[in-house]
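Okay, so here's the structure we're looking at.
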Amino acid sequence: MLDMKDWLQEPSWVTRLTDTFDMPYMQELNVFLKAEKEMGKTTFPQNNETFHALNVTPFDNVKVVILGQDPYHGEGQAHGLCFSVPQGIRVPPSLKNIYKELHQDLGVEIPNHGCLQAWAEQGVLLLNSVLTVEQGKAASHQNKGWEQFTDKIIALLNDEKEHVVFILWGAYAQKKGAFIDASKHLVIQGLHPSPLSAQRGFFGQHYFSQTNTYLEKHGHQPIDWTLPVYGQTTLF
C-alpha cells in the first residue's frame, strides 16, 4: 500500500510528524491517493517531492514561511515548493508578480527561471496548504486531509519557535494562518500575487525588506533573496 511516511526524510520533521501519519484523516488520505493511482490518474508532484518543502528546510532552520494553496496542476510544474517551478518550466504569472515586487523592494535582479530552491535552503519554508493535485484539475485534492496536516506543521512552528516570519498572501492563506501568535512571530499579510488581484494592492508592500529587518532585529541572518541565474533560458 502507498505509504506517505516514506516520502518524508528530514529527521527534524519525521520526529515531530510520525504520530500525525497515524491519525485517521491521514490514513484516509493515504487510501484516497492510492485509489487515484489505481484508477490511472496522474497526480503532482511526484511522490518523492510531495514533502520537498519539509525535506529541504529542516524544522530548526525555518526562519520564514510563505504559504501557498495547491500545487500547480500542469505537466512538470509542481515540485513540492509553493509558487516555485523547476528550471526549464515557464514562470507562472503569480511568481512573475512576486519577482516584480522583489525587484521593486530590494532591487534584486529578476531571474530567468522559476525555481525557488535557493530560498528554501536558507530557511524559507515554501508550504502549500494542499500537497498534491490531479493533473489538469486545480484544487482536486482539497478537503481530503492535507489541510489538517499542514495546519499541524504551522502549529508546530508557532508553538515551538520564536521570531518566524509568516508571509500570508490572499484571503485563503490569511484564514489558514489566523491562529499564529503575532506576539512572538511577525505576520505579514497582503493581497495574492495572482494577476487577478495583484494590481489591487499586492505591489509596494515591502514584504522582503520587512522580513529581513525583522530577522536581523532578532539576531537571525537575513535571507539572500537573490536567485542564481542559469544560462540563457528566460521563460517569461
Side-chain angles (χ1 to χ4, degrees), residues 42-45 49 52-53 64-120 124-143 146-147 150 154 165-178 187-212 223 225-230 232-236:
T42 299
T43 59
F44 298 133
E49 291 183 323
H52 187 47
V64 181
V65 178
I66 297 179
L67 191 60
Q69 189 164 347
D70 296 274
Y72 298 120
H73 56 86
E75 179 70 39
Q77 289 183 303
H79 67 142
L81 305 177
C82 73
F83 294 106
S84 179
V85 293
Q87 295 173 40
I89 299 296
R90 186 175 297 278
V91 179
S94 292
L95 184 53
K96 290 181 186 179
N97 286 334
I98 291 170
Y99 283 168
K100 289 177 185 176
E101 170 64 13
L102 178 58
H103 179 71
Q104 292 175 12
D105 187 7
L106 293 174
V108 169
E109 180 182 354
I110 294 177
N112 60 354
H113 61 88
C115 182
L116 305 181
Q117 176 92 10
W119 292 358
V124 181
L125 182 65
L126 297 166
L127 182 67
N128 274 317
S129 176
V130 175
L131 300 186
T132 57
V133 70
E134 182 182 343
Q135 182 177 15
K137 294 186 178 181
S140 51
H141 289 186
Q142 287 187 5
N143 302 315
W146 280 128
E147 292 91 345
T150 51
I154 296 168
V165 180
F166 291 87
I167 300 177
L168 309 178
W169 286 321
Y172 183 93
Q174 289 160 23
K175 182 178 179 180
K176 188 173 180 67
V187 179
I188 302 175
Q189 300 189 14
L191 292 179
H192 195 277
S194 163
L196 298 175
S197 59
Q199 299 300 332
R200 293 190 279 109
F202 170 77
F203 296 110
Q205 303 304 311
H206 307 288
Y207 311 103
F208 306 99
S209 57
Q210 279 191 70
T211 294
N212 280 354
I223 303 299
W225 297 102
T226 305
L227 291 164
V229 176
Y230 301 103
Q232 301 297 320
T233 59
T234 303
L235 291 166
F236 279 90

Inset, instruction - Check step by step if side-chain contact (heavy atoms from CB on, under 4.5 Å) holds for Leu116 and Leu95. - result: CA-CA 10 Å; Leu116 305 181; Leu95 184 53; 4.1 Å; yes
Inset, instruction - Not counting sequence neighbours, which residues clear salt bridge (charged side-chain N to carboxylate O under 4.0 Å, His left out) with Glu134? List them please. - result: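 Glu134 satisfies salt bridge (charged side-chain N to carboxylate O under 4.0 Å, His left out) with Lys41, Lys137 once adjacent residues are dropped.
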Legend entry - Residues that Lys100 engages under salt bridge (charged side-chain N to carboxylate O under 4.0 Å, His left out), provided they are two or more places apart: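 Applying salt bridge (charged side-chain N to carboxylate O under 4.0 Å, His left out) to Lys100 gives none.
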Heavy-atom pair with the smallest gap, counting every atom of [X] and [Y]:
X: Pro45; Y: Thr132; answer: CD-CA, 4.4 Å
X: Ser209; Y: Asp105; answer: OG-OD1, 2.7 Å
X: Ala118; Y: Pro228; answer: CB-CD, 4.0 Å
X: Glu147; Y: Gln142; answer: OE2-CA, 3.4 Å
X: Ala78; Y: Glu49; answer: O-OE1, 3.9 Å
X: Gly190; Y: Tyr207; answer: CA-OH, 3.9 Å

Straight-line distance of [X] [atom1] to [Y] [atom2], nearest 0.5 Å:
X: Leu102; Y: Asn97; atom1: CG; atom2: CG; result: 12.5 Å
X: Gln104; Y: Phe208; atom1: CD; atom2: CZ; result: 10.5 Å
X: Cys115; Y: Ile89; atom1: SG; atom2: CD1; result: 11.0 Å
X: Cys82; Y: Leu131; atom1: SG; atom2: CG; result: 10.5 Å
X: Ile167; Y: Gln210; atom1: CD1; atom2: CD; result: 8.5 Å
X: Glu101; Y: Leu106; atom1: CD; atom2: CG; result: 9.0 Å

Inset, instruction - Return the set of residues passing side-chain hydrogen bond (donor to acceptor under 3.5 Å, both in side chains) with Gln69 (not counting sequence neighbours), or none when no residue passes. - result: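 With sequence neighbours excluded, Gln69 shows a side-chain hydrogen bond (donor to acceptor under 3.5 Å, both in side chains) to no residue whatsoever.
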Legend entry - Side-chain donor/acceptor of His141 to backbone N/O of Asp70, under 3.5 Å: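 Not at all, since once roles are kept as given, no pair shorter than 3.5 Å links the two residues.
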Inset, instruction - Output yes when a side-chain donor or acceptor of Gln174 lies under 3.5 Å from a complementary backbone atom of Leu168, and no otherwise. - result: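 Side chain of Gln174 to backbone of Leu168, a donor-acceptor pair under 3.5 Å: yes, one is there.
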Legend entry - Name of the residue among Val124, Val187, Leu125 meeting side chain to side chain contact (heavy atoms under 4.5 Å, CB included) with Val65: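 Answer to the side chain to side chain contact (heavy atoms under 4.5 Å, CB included) test with Val65 among Val124, Val187, Leu125: Leu125.
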Inset, instruction - Assess the pair Phe83 and Tyr99: is the distance between their ring centroids shorter than 6.0 Å? - result: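 No, the ring centres sit 6.0 Å or more apart.
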Inset, instruction - Verify side-chain hydrogen bond (donor to acceptor under 3.5 Å, both in side chains) between Glu75 and Gln135, making sure each step is shown before the conclusion. - result: CA-CA 7 Å; Glu75 179 70 39; Gln135 182 177 15; 3.3 Å; yes
Legend entry - Pair Leu67-Phe166, side-chain contact (heavy atoms from CB on, under 4.5 Å): steps then yes or no: CA-CA 8 Å; Leu67 191 60; Phe166 291 87; over 6 Å; no
Legend entry - ring pair (Phe, Tyr, Trp, His ring centres under 6.0 Å) against Tyr72, all qualifying residues, sequence neighbours excluded: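 Per chain and number, Tyr72 pairs via ring pair (Phe, Tyr, Trp, His ring centres under 6.0 Å) with no residue.
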Legend entry - Residue list, ring pair (Phe, Tyr, Trp, His ring centres under 6.0 Å) with Trp119, at least two apart or on another chain: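 So Trp119 forms a ring pair (Phe, Tyr, Trp, His ring centres under 6.0 Å) with Trp225.
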Validation: residues 194-201 side-chain donor-acceptor distances under 3.5 Å, sequence neighbours left out:
| from | atom 1 | to | atom 2 | distance (Å) |
| --- | --- | --- | --- | --- |
| Ser194 | OG | Leu196 | N | 3.1 |
| Ser197 | OG | His192 | O | 2.6 |

Inset, instruction - Evaluate the criterion side-chain hydrogen bond (donor to acceptor under 3.5 Å, both in side chains) for residue pair His52 and Gln117; output intermediate values, then yes/no. - result: CA-CA 10 Å; His52 187 47; Gln117 176 92 10; 2.8 Å; yes
